[in-house]
Asks: 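Below are the structure tokens for one structure; questions will follow.
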Protein chains: 2
Amino acid sequence: MSEESAPKRARLDRRVIVDAILRLAREEPHARVTFKRLGEALGVDATAMYRHFRNKEELTRAALDRLSAIAVAEAEASGGGWRERLEAHLLRIAELSLEHPSIAAEGAILDPAGPGDVAGDEFVLARLSEAGLDGAELIRAYAAVSGFALAQSAAMAQEVMARRGAARDGSIPWISGFGSVELSDFPLVSRHRDALLAIDGMAVYRAGVSAILDSVA
Amino acid sequence: MSEESAPKRARLDRRVIVDAILRLAREEPHARVTFKRLGEALGVDATAMYRHFRNKEELTRAALDRLSAIAVAEAEASGGGWRERLEAHLLRIAELSLEHPSIAAEGAILDPAGPGDVAGDEFVLARLSEAGLDGAELIRAYAAVSGFALAQSAAMAQEVMARRGAARDGSIPWISGFGSVELSDFPLVSRHRDALLAIDGMAVYRAGVSAILDSVA
DNA sequence: ACCTGAACACCGTTCAAGT
DNA sequence: ACCTGAACACCGTTCAAGT
């Protein structure tokens, strides 16, 4: 919010670059983020970023960490029971991913090792502990829930990038059609055809989160 | 199995090309599949593929569909109860993804609209129907379970490609380390540090599948 | 110390030309 | 009909040169 989108010659540092890459991801959800476009937005040469980040992966990791930090900060201010707070947090992660598709698309690849990521882990572990889990059960539930949230968020972000018309609210058709497949060979798919085509990314996300948390409770 | 890896001048068709791209993905799990390398493997020019597939996405989609068809064929021959068969099928999808990382990494993006994909949907719906689900419940469970399987398989495949040392059996650390993060700020992460670092991709996969199927049962 | 700009080694894709 | 090969518009990354 402190920066405008007009090319402005700014003194670079890691924070300014991460601001810029997230803004770019937000404003042009269907375009890949490249060093060239990032440089244009910052009014510097495309290769200037290499003074501040070893490579694109390190920059992307820093941007993802920032998104995680934002989600945690909001989640910690939230009220309610463990499940309510955890669901709200996981939903927020999906929303932030959909708002920054070109960044979030990498989310499932880069391992979460920054301060924001670890704060997210702590939040999830705290809620699951409140739910009464501990030991191996706690770790298993943590793995299921955060693995699902990360992988599914990244998948939705990738869809937003790949499909030109995809909306940012998660209403991306999960199955866009059955093409030339002869559906009469598949009775259940035939019978539930319309319901299957109506599934969108966010519905998958909610269904998965609910199912996993049901099993916790 | 019918083709050798030595450059062999073959008459091209879609089946031969899909054979070759899967073989390449299997033999060089850490390398991206490019038209150049595919052309070398087939003994043709890199651009020869464009006569048979509109673009790389269509080729990748065909390869993913083939993997899905393989998994379904095996699953249909399997025995046991609905849960046993469904778990075996989902596990096989993950295994095939890990064996073909460069292809499976795209799995979460491209929507499953080929005959093999639809056969997979039918299999999952059939098992969940046996479990007693129908209507909205059935669709919700289908979305949760197949969304998780696809997204998580793709995420694991992406990790195999990104990390040079990653094994093909899914033993990819989910969190590779906590870097320079001051863990004393995060009591639960600190307390479960070793258990968290011991989580691997396949453990996340199994935990997620179990949790979702628990909620079905 | 920090940024520039040329250069390199790749990509997917198009298209006129060959056979 | 099918494949070739040059060409194009991109990528990330390196590195010597500027200031």
Side-chain angles (χ1 to χ4, degrees), chain A residues 3 6-22 24-25 28-64 101-103 105-106 109-110 157-158 161-164, chain B residues 3 7-22 24-25 28-64 101-103 105-107 109-110 157-158 161-164:
Chain A
E3 305 289 329
K8 176 197 279 189
R9 191 63 157 59
R11 181 146 206 86
L12 291 189
D13 61 33
R14 290 172 69 105
R15 203 181 58 79
V16 169
I17 294 174
V18 169
D19 284 345
I21 203 172
L22 288 178
L24 223 58
E28 297 175 43
H30 300 300
R32 274 184 66 186
V33 170
T34 67
F35 278 129
K36 184 161 167 289
R37 296 179 55 253
L38 187 53
E40 283 162 8
L42 283 164
V44 298
D45 190 85
T47 62
M49 263 57 75
Y50 283 91
R51 192 137 290 266
H52 305 277
F53 294 94
R54 262 230 313 266
N55 52 31
K56 206 186 180 190
E57 181 180 329
E58 197 182 283
L59 169 52
T60 306
R61 203 194 299 264
L64 285 167
S102 51
I103 297 297
E106 313 288 326
I109 316 178
L110 310 174
Q158 287 169 348
M161 293 217 44
R163 326 248 158 259
R164 48 191 179 6
Chain B
E3 303 291 327
K8 175 195 281 189
R9 191 61 157 60
R11 180 145 206 88
L12 290 190
D13 61 33
R14 291 174 67 106
R15 202 181 58 78
V16 169
I17 294 173
V18 169
D19 282 346
I21 202 171
L22 288 177
L24 223 57
E28 297 175 41
H30 300 299
R32 275 184 64 187
V33 170
T34 67
F35 278 130
K36 185 162 167 286
R37 295 179 55 251
L38 188 53
E40 282 162 7
L42 284 164
V44 298
D45 190 82
T47 62
M49 264 56 76
Y50 283 90
R51 192 138 289 267
H52 306 276
F53 294 95
R54 261 234 309 272
N55 51 31
K56 206 185 178 188
E57 181 179 331
E58 196 182 283
L59 169 53
T60 306
R61 203 193 299 264
L64 284 167
S102 51
I103 296 299
E106 314 288 325
I109 316 180
L110 310 173
Q158 287 168 348
M161 292 216 46
R163 326 246 158 260
R164 47 191 181 7

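Below, each value reflects all heavy atoms present in this structure, side chains not excepted, and no hydrogens, waters or symmetry copies. These figures come from a predicted structure and were not determined experimentally. Convention: sequence-line order gives letters A, B, ...; per-chain numbering from 1.
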Asks: Looking only at side-chain N and O atoms, does A/His52 come under 4.0 Å of OP1 or OP2 in C/dC3?
Replies: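 A/His52 to C/dC3 OP1/OP2: side-chain N or O found under 4.0 Å.
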Asks: Using only atom types and a distance under 3.5 Å, with no angle test, would you say the side chain of B/Arg14 pairs donor to acceptor with the backbone of B/His52?
Replies: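 Answer holds: yes.
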Asks: Between atom NZ in B/Lys36 and atom C1' in C/dC10, what is the gap in whole Å?
Replies: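 Distance, rounded to whole Å: 9 Å.
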Asks: Figure out the CZ/P separation between A/Arg11 and C/dA1, and round it to whole Å.
Replies: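 In whole Å, C/dA1 P lies 12 Å from A/Arg11 CZ.
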Asks: Is there a donor N/O on one and an acceptor N/O on the other, under 3.5 Å, for the side chain of B/Thr47 and the base of D/dG5?
Replies: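 Looking at the base of D/dG5, it does pair with a donor or acceptor on the side chain of B/Thr47 (distance under 3.5 Å).
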Asks: Could you tell me which non-hydrogen atom of B/Leu12 sits nearest to which non-hydrogen atom of B/Val16, and how far apart they are?
Replies: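 That closest heavy-atom pairing would be CD2-CG1, 4.5 Å.
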Asks: Heavy atoms from C-beta onward define the side chain here; which of D/dT4, C/dT13, C/dT4 lies closest to that of A/Val44?
Replies: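 Out of D/dT4, C/dT13, C/dT4, the nucleotide with an atom closest to A/Val44's side chain is C/dT4.
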Asks: Looking at every non-hydrogen atom in both residues, tell me the closest pair between A/Phe35 and A/Leu59 and how far apart they are.
Replies: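 Answer, listing the atom of A/Phe35 first, then A/Leu59: CE2-CD2, 3.8 Å.
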Asks: Is any side-chain heavy atom of B/Met49 closer than 4.5 Å to one of B/Ile17?
Replies: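 Yes, side chains in contact.
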Asks: Which residue lies toward the 5' end of DNA chain D, A/Arg51 or A/Thr34, if each is placed at its nearest nucleotide?
Replies: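 That would be A/Thr34.
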Asks: Would you check if the side chain of A/Arg37 reaches a backbone N or O of A/Arg32 as a donor-acceptor pair within less than 3.5 Å?
Replies: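 Flag set: sc A/Arg37 to bb A/Arg32 pair under 3.5 Å.
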Asks: For residues A/Ala31 and A/Ser102, report the shortest heavy-atom separation together with the two atoms involved.
Replies: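 Here A/Ala31 and A/Ser102 meet closest at O-CB, 3.6 Å.
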Asks: Return the value, rounded to whole Å, for the distance between atom CZ of B/Phe35 and atom C1' of D/dC3.
Replies: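 Those two atoms, CZ and C1', are 15 Å apart.
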Asks: What is the separation between atom OH on A/Tyr50 and atom P on D/dC11, rounded to the nearest whole Å?
Replies: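 After rounding, the gap between these two atoms is 13 Å.
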Asks: When you measure from the side chain of A/Ala48, which nucleotide among C/dC3, D/dT4, D/dC11 comes out closest?
Replies: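 Looking only at heavy atoms from C-beta outward on A/Ala48, the closest nucleotide is C/dC3.
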Asks: Quick check for you: to the nearest 0.5 Å, what is the distance between A/Ile103 atom CD1 and A/Ile21 atom CD1?
Replies: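 A/Ile103 atom CD1 to A/Ile21 atom CD1 measures 4.0 Å (nearest 0.5 Å).
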Asks: I need the CG-C1' distance between A/Leu38 and D/dG12, as an integer number of Å.
Replies: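 Taking atom C1' of D/dG12 as the reference, CG of A/Leu38 is at 13 Å.
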Asks: Atom NZ of B/Lys56 and atom P of C/dT14: how far apart are they, to the nearest Å?
Replies: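 In whole Å, C/dT14 P and B/Lys56 NZ are 14 Å from each other.
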Asks: Which stems, defined as runs of 3 or more consecutive Watson-Crick or G-U wobble pairs with both pairing distances under 3.5 Å, involve DNA chain C?
Replies: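 Stems found: C:4-8 with D:12-16, C:12-16 with D:4-8.
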Asks: Which nucleotide wins on minimum distance to the side chain of A/Leu12, given the candidates C/dC3, C/dC11, D/dT13?
Replies: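 Of all the options, the side chain of A/Leu12 is nearest to C/dC3.
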Asks: Rounded to whole Å, how long is the line connecting atom CE of A/Met49 with atom P of D/dT14?
Replies: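 Spelled out: CE on A/Met49 to P on D/dT14 is 14 Å.
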Asks: What is the distance from CG of B/Asp45 to C1' of C/dT19, rounded to the nearest Å?
Replies: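 Roughly 14 Å, once rounded to whole Å.
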